[in-house]
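Source: prediction; values computed, not measured.
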Amino acid sequence: MEKSLLINGDSVLSQAATIRELIDELDLGRHIAVAVNDHVVPKSQWDKTDIQDGMSLDLFESIAGG
């Protein structure tokens, strides 16, 4: 079932059931941090965290530098 999500402030439609599926669906790299409703979700929980319609997510890409 398609869900309406708010990702980094943009409306996105997704078929993903979990955060892991969403990351794969969006074809994002490995170095991503995810916050759901302002709470960081550890990578170890991505397969266990369900995506719900109306959910607000922030996706951050890690970059090297100093």
Side-chain angles (χ1 to χ4, degrees):
M1 177 170 79
E2 195 165 64
K3 299 163 193 80
S4 177
L5 307 173
L6 191 62
I7 299 177
N8 295 346
D10 295 323
S11 293
V12 175
L13 296 176
S14 174
Q15 295 287 335
T18 65
I19 290 177
R20 172 80 61 209
E21 289 180 16
L22 178 65
I23 297 299
D24 292 344
E25 182 180 284
L26 297 175
D27 196 27
L28 298 174
R30 293 188 208 198
H31 305 288
I32 299 292
V34 178
V36 176
N37 300 327
D38 296 324
H39 296 330
V40 174
V41 178
K43 196 174 225 178
S44 63
Q45 297 298 308
W46 289 2
D47 289 322
K48 300 171 188 168
T49 304
D50 293 332
I51 297 291
Q52 303 294 323
D53 190 54
M55 192 176 263
S56 177
L57 299 101
D58 292 302
L59 307 178
F60 305 95
E61 186 172 7
S62 300
I63 56 172

- Message: Can you tell me how far apart OG (S11) and CG (L6) are? Round to the nearest 0.5 Å.
- Response: 5.5 Å

- Item | Flag, side chain of D53 to backbone of S4, donor-acceptor distance under 3.5 Å | yes

- Query: Are the side chain of W46 and the backbone N or O of T18 linked by a donor-acceptor pair below 3.5 Å?
  - Reply: no

- Query: Hey, are the side chains of L22 and L57 touching, using non-hydrogen atoms and a 4.5 Å cut-off?
  - Reply: yes

- Message: When you compare the side chains of E2 and S14, does any donor N or O come within less than 3.5 Å of an acceptor on the partner?
- Response: no

- Message: Is there a continuous path of hydrophobic side-chain contacts, each under 4.5 Å between heavy atoms, that joins V12 to L28?
- Response: yes

- Query: Is E25 reaching over with its side chain to a backbone N or O of Q15, donor-acceptor style, under 3.5 angstrom?
  - Reply: yes

- Message: Within a 6.0 Å radius of atom CG on N8, are there more than 12 heavy atoms belonging to other residues, nucleotides or ligands?
- Response: yes

- Does L59 reach the side chain of L26, with side-chain heavy atoms less than 4.5 Å apart? yes

- Closest contact, heavy atoms only, K43 versus R20: O-NH2, 3.7 Å

- OG on S56 to CG on D38, rounded to 0.5 Å: 6.5 Å

- Could you grab the distance from atom CD1 of I23 to atom CG of D47, nearest 0.5 Å is fine? 11.0 Å

- Item | Spatial distance of atom CG (N37) from atom CG (D58) [nearest 0.5 Å] | 9.0 Å

- Do the side chains of F60 and I32 get nearer than 4.5 Å, heavy atoms only? no

- Item | Over 12 non-hydrogen atoms of neighbours within 6.0 angstrom of NZ in K48 | no

- Please name all residues satisfying side chain to side chain donor-acceptor pair (under 3.5 Å) with Q45, sequence neighbours left out, ordered by chain then number. none

- Note on the structure: For I51 and K3 the tightest heavy-atom approach is O-CE, 3.2 Å

